[in-house]
Amino acid sequence: MKTILITLVTFFTIQTFGQERLSRFTERTIDSEAKALATEYNKELSLNDDQIRIFEIKIDKFLKRRKQLESNLVGRELLTALYHVRMKEINEMSTILTYNQLKTYDKVKQELQPLQINNRVLSTL
């Protein structure tokens with residue numbers, strides 16, 4: 001009986017920690033992608049120190065949201081959801097960027113993050 005109990009506990013412990021590592025790896029990947037995108041945007045936007053930190057956090061947040069939508073939706077539903085997320089992202093960026101930075105951000109965003117599904121650009125908003 002003890003052997004079975006120890007085996008089950010060991011199995012569930014390994015399963016739990018295995019999933020946690022995968023989750024952490026995904027988080028790191030998104031985080032590095034957000035930092036890379038923020039660096040590219042900063043070349044055009046000339047963000048100050050406070051702006052760049054908030055900008056990275058917002059980019060990371062929306063990258064996570066996009067990945068979640070891509071894993072749960074397909075077709076027209078995915079496109080509509082991505083469009084709404086994109087508009088919300090631009091709206092949130094307007095709270096940290098100046099007017100001129102926001103106009104530049106909108107142009108650069110079309111180049112750096114075009115709206116696409118399955119590597120096909122669907123629209124430039």
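Side chains included, hydrogens not; waters and symmetry mates left out as well; all remaining heavy atoms used.
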State plainly whether the residues Asp60 and Lys64 are in salt-bridge range, i.e. N to O under 4.0 Å. yes
Of all heavy-atom pairs linking Glu89 and Gln113, the shortest is OE2-OE1, 4.3 Å
hydrophobic_cluster_shared for Leu47 and Leu112, side chain cutoff 4.5 Å: yes
Answer yes or no: is there a side-chain heavy-atom contact under 4.5 Å between Ile90 and Tyr105? yes
Can you tell if the side chain of Leu73 reaches within under 4.5 Å of the side chain of Leu82, non-hydrogen atoms only? no
Less than 3.5 Å apart, which donor and acceptor atoms pair up between the side chains of residues 93-100 and the rest of the protein, not counting sequence neighbours?
| residue | atom | partner | partner atom | Å |
| --- | --- | --- | --- | --- |
| Ser94 | OG | Asn91 | O | 2.4 |
| Thr95 | OG1 | Glu92 | O | 2.5 |
| Thr98 | OG1 | Gln101 | N | 3.2 |
| Thr98 | OG1 | Gln101 | OE1 | 3.3 |

Is any side-chain N of the basic residue among Lys43 and Glu40 closer than 4.0 Å to the acidic one's carboxylate O? yes
Following the transitive rule for hydrophobic clusters with a side-chain heavy-atom cut-off under 4.5 Å over Ile, Leu, Val, Met, Phe, Trp and Tyr, establish whether Ile57 and Leu102 coincide in one cluster. no
Using 0.5 Å steps for rounding, measure from the CD atom of Glu44 to the CD atom of Glu111. 7.5 Å
When rounded to the nearest 0.5 angstrom, what distance separates CG in Leu78 from CD in Glu70? 6.0 Å
State, with a plain yes or no, whether a side-chain heavy atom of Leu45 is found less than 4.5 Å away from one of Val108. no
In the structure I gave you, are the side-chain heavy atoms of Arg66 and Leu69 within less than 4.5 Å of one another anywhere? no
Can you pull out every ring pair (Phe, Tyr, Trp, His ring centres under 6.0 Å) where at least one residue sits in residues 59-82? Sequence neighbours excluded, please. none
Is there a side-chain contact (heavy atoms from CB on, under 4.5 Å) between Tyr41 and Thr104? Walk through the geometry before answering. CA-CA 9 Å; Tyr41 278 115; Thr104 305; over 6 Å; no
If you look at every heavy atom in Glu56 and Ala34, which pair is closest and at what distance? O-CB, 4.0 Å
Any donor and acceptor pair, going by atom type alone, linking the side chain of Thr80 with main-chain N or O of Glu77 inside 3.5 Å? no
Can you list the residues that meet the side-chain contact (heavy atoms from CB on, under 4.5 Å) rule with Val74, with sequence neighbours excluded? none
If you measure from NZ on Lys61 to CD1 on Ile54, what distance do you get to the nearest 0.5 Å? 12.0 Å
